[in-house]
Number of protein chains: 2
Amino acid sequence: MNDDPATPIPDQARDLSWGLSNRLFFRLYQCTNMLHKTGTKALEAHSITTQQWAVLGALTRPTFVPGVAVGDLATFLLVSRQNLAGVLQRLEAMAYIERVVDPKDSRSRLILLTAKGRSLWDANMRPVIADYYREALAGFSTEDKIHLVHYLDKMLRNFKAIDPDPTGGK
Amino acid sequence: MNDDPATPIPDQARDLSWGLSNRLFFRLYQCTNMLHKTGTKALEAHSITTQQWAVLGALTRPTFVPGVAVGDLATFLLVSRQNLAGVLQRLEAMAYIERVVDPKDSRSRLILLTAKGRSLWDANMRPVIADYYREALAGFSTEDKIHLVHYLDKMLRNFKAIDPDPTGGK
DNA sequence: TATTGTTATACTCTATAACTATA
DNA sequence: TATAGTTATAGAGTATAACAATA
């Protein structure tokens, strides 16, 4: 079998590769379902979704604390500007963030945490999230975490190669 | 520092652990965004979303080919019965799946692929998905994939411990 | 003209509850 | 009574396009 030199991958190997990759992506799919489900539940007392969690978490990054443009935030989170606008609208309605006009470019709006938002993060969300991480990563050594981050980084780079402009430009 | 024996984890170590876990979950969040974005785009010619992809893929599993109850499918996919109902409704409208009453229990409906659905999967979706896996897992050795699956499995068990009944029972 | 951000629309997914029909 | 499945509703996220203001 496979005596044709023009066929580099035998069917058997192809099927094995399919099965493993398929299982990997199904596990990833299941993990994303559970991430959003358990994550939203962990923060439900504050009516914060996982998307809002990601936005608030990003705004606590030292680089973004002075304010970050909507487009830059969208690039960082890998969501489109339009979809980010909806999330920002809800967070602003809850007074956790505010928008100020960028003095250097009047087209741009800088997003930053309000005092209320910073307080929510530090006093309420961070402790809950820390507990959540401990539960979700139970049994993971530091090395395990480092390896997993490495794999996710690698996959992310591949995803970005597939869709080079995920913020919905055009 | 940390001369209090009742404090097992010094603040520094706690912060390091937070940073690593936080990075891990943010990467996971980014990967899920890109998975749904690039996955849906890969199958957009057939108007199939990643949720529908997961359902159709599950129905091709040998165990499920004879038909699977809605509840069992929901347990497998880690979505709620109610949400699965909506996805099934759309797939049925496209004539990719059908429901038959379980002869052993008239309350139960068995979900199975139609000939059209099987053909869509075999002839159209599987080749596209195989290409997609190759792109998304470029640079991953078989060992890498096995390790990553292992980590995702482990995290999934932790998620299930946090939310033991993800199919929305009550 | 290009860019930044917003608004508008339609669709999908999710959470929750309530309902039906069977068991 | 309990279970399997469905329906109903509201909220949130997404894709796509079109728009206003500014560069």
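These figures come from a predicted structure and were not determined experimentally.
One interatomic measurement links the two molecules: CG of L84(B) to C1' of dT6(D), which rounds to 12 Å at whole-angstrom precision. Atom P of nucleotide dT16(C) and atom CZ of R81(B) are separated by 13 Å, given to the nearest angstrom. Summarising the geometry, the separation between CD on Q82(B) and P on dA4(D) is reported as 13 Å, rounded to the nearest angstrom. The nearest whole Å value for the distance from the CH2 atom in W53(B) to the P atom in dC13(C) is 14 Å. Between R109(A) atom CZ and dT3(C) atom P the separation is 18 Å, expressed in whole Å. The distance between atom CG of N83(A) and atom C1' of dC11(C), rounded to the nearest whole Å, is 12 Å. The nearest whole Å value for the distance from the OH atom in Y29(A) to the P atom in dC13(C) is 9 Å. In this structure, the CG atom of L110(A) is 12 Å from the C1' atom of dT4(C), given to the nearest Å.
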I would like to know whether F26(B) and F76(A) meet ring pair (Phe, Tyr, Trp, His ring centres under 6.0 Å); could you show each step before the answer?
CA-CA 10 Å; F26(B) 185 63; F76(A) 180 71; 4.8 Å; yes
For the pair D122(A) and R118(A), evaluate salt bridge (charged side-chain N to carboxylate O under 4.0 Å, His left out) and give the outcome as yes or no after the intermediate values.
CA-CA 6 Å; D122(A) 288 340; R118(A) 167 58 77 170; 3.4 Å; yes
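Side-chain contact, D72(B) with T75(B): no donor N or O sits under 3.5 Å from an acceptor N or O.
Regarding contacts with the backbone of dT14(C), a side-chain N or O of N33(A) is found under 4.0 angstrom from either OP1 or OP2. Between K37(B) and the phosphate of dT14(D), there is no side-chain N or O to OP1/OP2 separation shorter than 4.0 Å. For dG5(C), one of the phosphate oxygens OP1 or OP2 lies less than 4.0 angstrom from a side-chain nitrogen or oxygen of S108(A). Regarding contacts with the backbone of dA23(D), a side-chain N or O of S106(A) is found under 4.0 angstrom from either OP1 or OP2. Look at T49(A) and you'll find a side-chain N or O under 4.0 angstrom from OP1 or OP2 of dG13(D).
Closest contact between the side chain of Q51(B) and the listed nucleotides dG5(D), dT16(D), dT14(C) involves dT14(C). Side chain of D105(B), nearest nucleotide from dA23(C), dG13(D), dT6(D): dA23(C). The nucleotide whose nearest atom lies closest to any side-chain atom of Q52(A) is, among dA23(C), dG13(D), dA2(C), dG13(D). Of the candidate nucleotides dA23(C), dG5(C), dA23(D), dG5(C) has the atom lying nearest to any side-chain atom of V70(A).
Residue order along DNA chain D, read from the 5' end via each residue's closest nucleotide, puts S47(A) first among S47(A) and K41(B).
Using a 30° and 60° split on the angle between ring planes, Y133(A) and F25(B) fall in the parallel class, below 30°.
None of E44(A), Q51(A), H46(A) except one satisfies the side chain to side chain contact (heavy atoms under 4.5 Å, CB included) rule with I48(A); the exception is H46(A).
Residue contacts for D72(B): at a heavy-atom cut-off of 4.0 Å it reaches no nucleic acid atom on any strand shown.
A heavy atom lying under 4.0 Å from DNA chain C marks the following residues of residues 87-104 of chain A, by number: R99(A).
Both tests hold for K116(A) against Y96(A): distance to the six-membered ring centre under 6.0 Å, angle to the ring axis within 45°.
Checked for salt-bridge contact, R107(B) and D105(B) meet the test: a charged N lies under 4.0 Å from a carboxylate O. Salt bridge D131(B)/R126(B): absent, no basic N to carboxylate O contact under 4.0 Å.
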